Amino acid sequence: MHEIEIPKQYEPGAAQEKWTQYWEDHHLFQPDAPPSGAAHIAPKSPFCIVIPPPNVTGALHMGHALNNTLQDITIRMKRMQGFDALWVPGVDHAGIATQAVVERKLFEEEKKTRHDIGRDALVQRIWDWKEQYQTRIIQQLKAMGCSCDWSRTRFTLDEICAKAVRHFFFKLFERKLIYRGKRLVNWDTHLQTAVSDDEVFHEAVEGHFWYIEYPLAALPGNTACAAQGTPSVCVATTRPETMLGDTAVAVHPEPETALNKAIDDLQKRIASASEKEKAELQTELDAIELRKTDGTLDRLKTLAELAKAGQQVILPLLNKRIPLITDTWAKPEKGTGCVKITPAHDPNDYEVGLRHDLPMLNILNKDGTLNENAGQYAGLTLKKAREKVVADLETEGLLVKTEERIIELAHSDRSKTPIEPFLNDQWFVQMDELAQSAIDAVSRVACDSPSAAGNIRILPERYTKGYIDWLSEKRDWPIGRQLWWGHRIPIWYCEGASETELENAFAGRKDVIWQWSSEGNAWWICSQTEDLAEGTIPGRKLVQEEDVLDTWFSSALWPHSVLGWPETTPELAQYYPTGVLITNRDILTLWVARMVLAGLFNTGKKPFGEVYIHPKILDKYGEGMSKSKGNGIDPISVIAKYGADALRFALAYLTTENQDIRLVLDFECPYCGAVCEQTKKNRVLPKIPCPKCKKEFRTQWAETPTDRALPEGPMIGERFEVARNFCNKLWNAARFVLMNLSESDSSPEPRPEVRGSDTGSVNVHLEDRWILSRLATATREVTQSLETYHYAEAMRSLYDFAWDEFCSFYVEIVKSRLQDDSQREHALAVLVHVLSALIRLLHPVIPFVTEEIWQRLMLASPPAGRFAGETANSIAVAPYPTADESAINPEVEKQFAVFQELLRAVRDVRASRNVPPKTEIAFSVRCDEATAALLKPMEPYFLSMAKARATGWGSETQPSALFAVVPLTGMDVFVDISELIDVPAEIAKLEKEIARLSGFIQSKESKLASDFIQKAPLAVVEKERESLAELCQQQQSARDALERLKR
RNA sequence: GGGCGAUUAGCUCAGUUGGUUAGAGCGUCUGGUUUACACCCAGAAGGCCGAUGGUUCGAGCCCGUCAUCGCCCACCA
């Protein structure tokens, strides 16, 4: 027997490094490279996952850790189940986000803007950034144990993706689904680009509500109006500077009707509102009703008439005449009842402008200063212009009043600066048909009929509604971004050429198509693959569109582009459509919906069969993690402290169906080990002083060299600790088995094969059949849970089986058998069998520790690694266990439960009577003969597990007064504590027990005396009767014992 | 304004189609180095399942209302 060289504690660091390298060296995750000696494996069904490509803006955080853990669990399970499993990794160029990060850095460090260094230089810097973070991200994924095929790592801007983007664009253009037009866009004046609605967030800021008078213009032939008491129109606005772009003032055409309707609606709402809301609504209602009597309504009616008669108003400051119009957008119940119309700078006004054919007067330059249309205000920033406009209005006496007001102001998610609505040329994809195809491709919850069987399932199902609702709006997709980082739109403008010139220049080419622009001033030429040179058309100049495509345009193609589309690659044929997409909920529309429509459009097939939406990671305050809040956590710091397996297990364990994941994390002082609570204040700091030893340690935000030199305070969290402990528990169970194997004869004789259904052999004990039955049940549960993305349930099954059943019972029981030479080999065989299955079930979740155990197990017991004649040289490609249904035996489980109950009762007597741990006690059991026969063989286990010697079994068993009595289901336990008995204490215990039982008996008796027996199902009634009888029996036993003690 | 989710032990969370006396981990308390594991073992205490009304023989679970918290979407002159 040699020394045991297995450490008592699992050391994750070394194992992680070793097995990451091993897996890579053996190409285990590269499906087209046959694993050594596996060339003759039959063709397998494909199963592919494409990673939601993380943005190269920065390193991965806990949200990514969760996302990738779940993907890895699924793909590893599929691989072990014999699928041709492929997980494609990659990163996203994340257009605006990445450019914004790099531009911000450029400004912070060098005080330069992108215009200072130019397009090429900026793009180069972004590439450098991308290289740095892609490397970092891949490192992080590898550290987490992700089993991606790294040889296929894609980037949304690489050649393969670029080709797909060009083909997609070309195809859309060819079908006339792409157009360009002037649209009001969300303009980010800082980044100087349009951003989509989805890249905008609203934030409450303090602002003002200004009331401004617009004098009525004298109308030829109708000079009477001024005399009627309406010399001016008053409007209210939160953005007075936009008045410079006003091209009308509007009033409702039927002010009275509209006002009454508003009052009506409000009354209806009051009727159904809660008490608290009622008061507020009533105040609102009163204010509106007042308008009917205080002259407001009359004035609006007059103005409506004037508007219909062609009245004009004078736009103050610029002294321009603009029309007074009637439009239902002007609500009589709001503001002053009249509204200024600025079509080029307000989405609603834009609609009004279209309806009334108003001029769209743009007053803004792209950098957020005012242009020449703003007259004397040109060149000012919006902020300055606002101040001056307000001051000037005041001077002219046109500012009626000013109110304080909280305004929900739109901000750019990327630059965090306010958004300006801005009229700009924009490329769009027409969405109606595409959106409909993506709607039709999912199974609706309500009509999940067999006809929809081939459709995409979104899980949990409740997310389906959001997906469909969003698509149903069918809003056209603005795809142009005024950026330098991204796929450039493959359109070339050509002015002045005739169609014949184009036909000649591109004769015989199918990869170039053109349209006459909707603005009627140039040709739009779209090229599918080649960038067109300036002089392609003799005598004409081709100019490429400056804009790049929205990031989501390339991400939409991800599932088929990474597999080589538009080429018909073998990969595409084999792995597309992919199996499942695992992602988070905020990109269900932006990304998932677009992947579906793009996939259908390009390939005619849905990109994936299922979409699983996982929970969101929140911090201890229940807030989402984000870089700006500083509460994001680098998974590497958790891995360093607890190991990758612990990280993964903890996250999977928390992944329930409808609850977000709150991670409570704190710092650990690297000097004294004290817990330093993470607070909203200190979580953004580069270094923190320990509250106990006062020394400073660094955090993940440390940047300066001095801060970086400090030791890092790791993040600690209870959930990770629990998971780490679990890994260690598994490690030690394996250590126990391995130690016993090494002490054993290392004869090449294979151990007897273990079969759960094998009941004949004398070597097969109750506990063997029990653990095999439990293993089969656990296997079934885990597999089923994982296949339906119920990760937490799977983890619970695994945790409970491994700890409470395998370790606490089976391993403990088997210890005494291992000492008996006649039983040893068989017991070891069962141990190895169960351990092997257990680590294979766990491998998808905790790959490193299970591989470490696996490799050791193969050395100690080579047959353990052999399946159907094949040797699996890694657990990653060993077969995933299938439930041995024949082993599932409820009767055995019930019998074993009796043993457990009895053992627990004996242990309880020991603990509660303070029996010294080393003292052996005796006990006897009164039970029926069948139970006695069952339990008698287990006598040694009571001795080894509870230091209790059984002295008698059966119906004749009688206690003496010096015994502790515990009534159980169908039996009474008598524990001999004559040495230690405390009679009054025993009496008290028994009386308490009798009282407790009385309570139950009473409630059951009254239940059985009620309607219950007529209405409840017979089986339930019968069960209640039995249970009552049982309780009475137990109570009687307790009474008898009490009698004896009192005698 | 529309939608979604949550509320269960001191803390963090489970709880399958309604069916005995509601579970786990952490923390707390008691006792332990028993031939893997103190990152451990044995045991205990601890809950009016947010409030209220209903359906039912029976509700943590189903339905109505309310309260509190969180998230998403839309809108706000």
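Since the model is a prediction, treat every value here as computed from it, not as a measurement.
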Peer 1: Pick the nucleotide of RNA chain B nearest each of A:Ser912 and A:Gln819; which residue has the one closer to the 5' end?
Peer 2: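 That would be A:Gln819.
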Peer 1: Please state whether the phosphate of B:rG5, meaning OP1 or OP2, lies under 4.0 angstrom from any side-chain nitrogen or oxygen of A:Lys616.
Peer 2: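 Result: no.
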Peer 1: For the side chain of A:Ala1016, counting heavy atoms from C-beta on, which of B:rC57, B:rC40, B:rC4 is nearest?
Peer 2: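 Nearest listed nucleotide: B:rC57.
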Peer 1: I'd like to know if the side chain of A:Thr969 pairs up with that of A:Glu901 as donor and acceptor (distance under 3.5 Å, no hydrogens or angles considered).
Peer 2: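 On atom types as modelled, these side chains qualify, holding a pair under 3.5 Å.
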Peer 1: Check whether any side-chain N or O of A:Lys8 sits under 4.0 Å from OP1 or OP2 of B:rC37, and answer yes or no.
Peer 2: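 It does, given that an N or O in the side chain of A:Lys8 lies less than 4.0 Å from OP1 or OP2 of B:rC37.
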Peer 1: For side chain to side chain donor-acceptor pair (under 3.5 Å), just list the numbers for A:Thr342 and A:Lys340, CA-CA rounded to whole Å, side-chain angles, deciding distance to a tenth of an Å, and then say yes or no.
Peer 2: CA-CA 7 Å; A:Thr342 321; A:Lys340 60 196 264 318; 3.0 Å; yes
Peer 1: Is any side-chain nitrogen or oxygen of A:Trp731 closer than 4.0 Å to OP1 or OP2 of B:rC40?
Peer 2: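 False: A:Trp731 side-chain N/O out of range (4.0 Å or more) of B:rC40 OP1/OP2.
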Peer 1: Using a cut-off of 4.0 Å on non-hydrogen atoms, how would the nucleic acid contact of A:Val722 be classed: base, sugar-phosphate, or nothing?
Peer 2: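 Sugar-phosphate, backbone atoms only, no base.
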Peer 1: I want to check one thing: is the phosphate of B:rU30, taken as OP1 and OP2, less than 4.0 Å away from some side-chain N or O of A:Asn914?
Peer 2: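 Result: no.
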Peer 1: Under 4.0 Å between a side-chain N/O of A:Arg475 and OP1 or OP2 of B:rA74, yes or no?
Peer 2: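 Yes, within the criterion.
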Peer 1: Hey, which of these two, A:Tyr463 or A:Trp470, hits RNA chain B nearer its 5' end, going by closest nucleotide?
Peer 2: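 Taking each residue's closest nucleotide, the earlier one in sequence belongs to A:Tyr463.
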Peer 1: Let's see if you can work this out: which of B:rU12, B:rA36, B:rG19 has an atom nearest to the side-chain heavy atoms of A:Lys1007?
Peer 2: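 Minimum distance to the A:Lys1007 side chain belongs to B:rG19.
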Peer 1: With a 4.0 Å limit, can you tell me whether A:Arg904 has a side-chain N or O closer than that to the phosphate oxygens OP1/OP2 of B:rA44?
Peer 2: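 Indeed, a polar side-chain atom of A:Arg904 lies that close.
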Peer 1: Describe the nucleic acid contact of A:Ser1027 in one word from base, sugar-phosphate, nothing, applying a heavy-atom distance below 4.0 Å.
Peer 2: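 Result for A:Ser1027 = base.
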Peer 1: Once you apply a heavy-atom cut-off of 4.0 Å, does A:Glu718 come out as touching a base, just sugar-phosphate, or nothing?
Peer 2: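 Answer is base: heavy atoms of A:Glu718 come under 4.0 Å of a base.
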Peer 1: Suppose we call a contact any N or O donor and acceptor under 3.5 Å apart; does that hold for the side chain of A:Arg735 and the base of B:rC37?
Peer 2: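 Side chain to base: no pair present.
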Peer 1: What's the closest nucleotide to the side chain of A:Lys729 if the choices are B:rC39, B:rA6, B:rC40?
Peer 2: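 For A:Lys729, the side-chain atoms sit closest to B:rC40.
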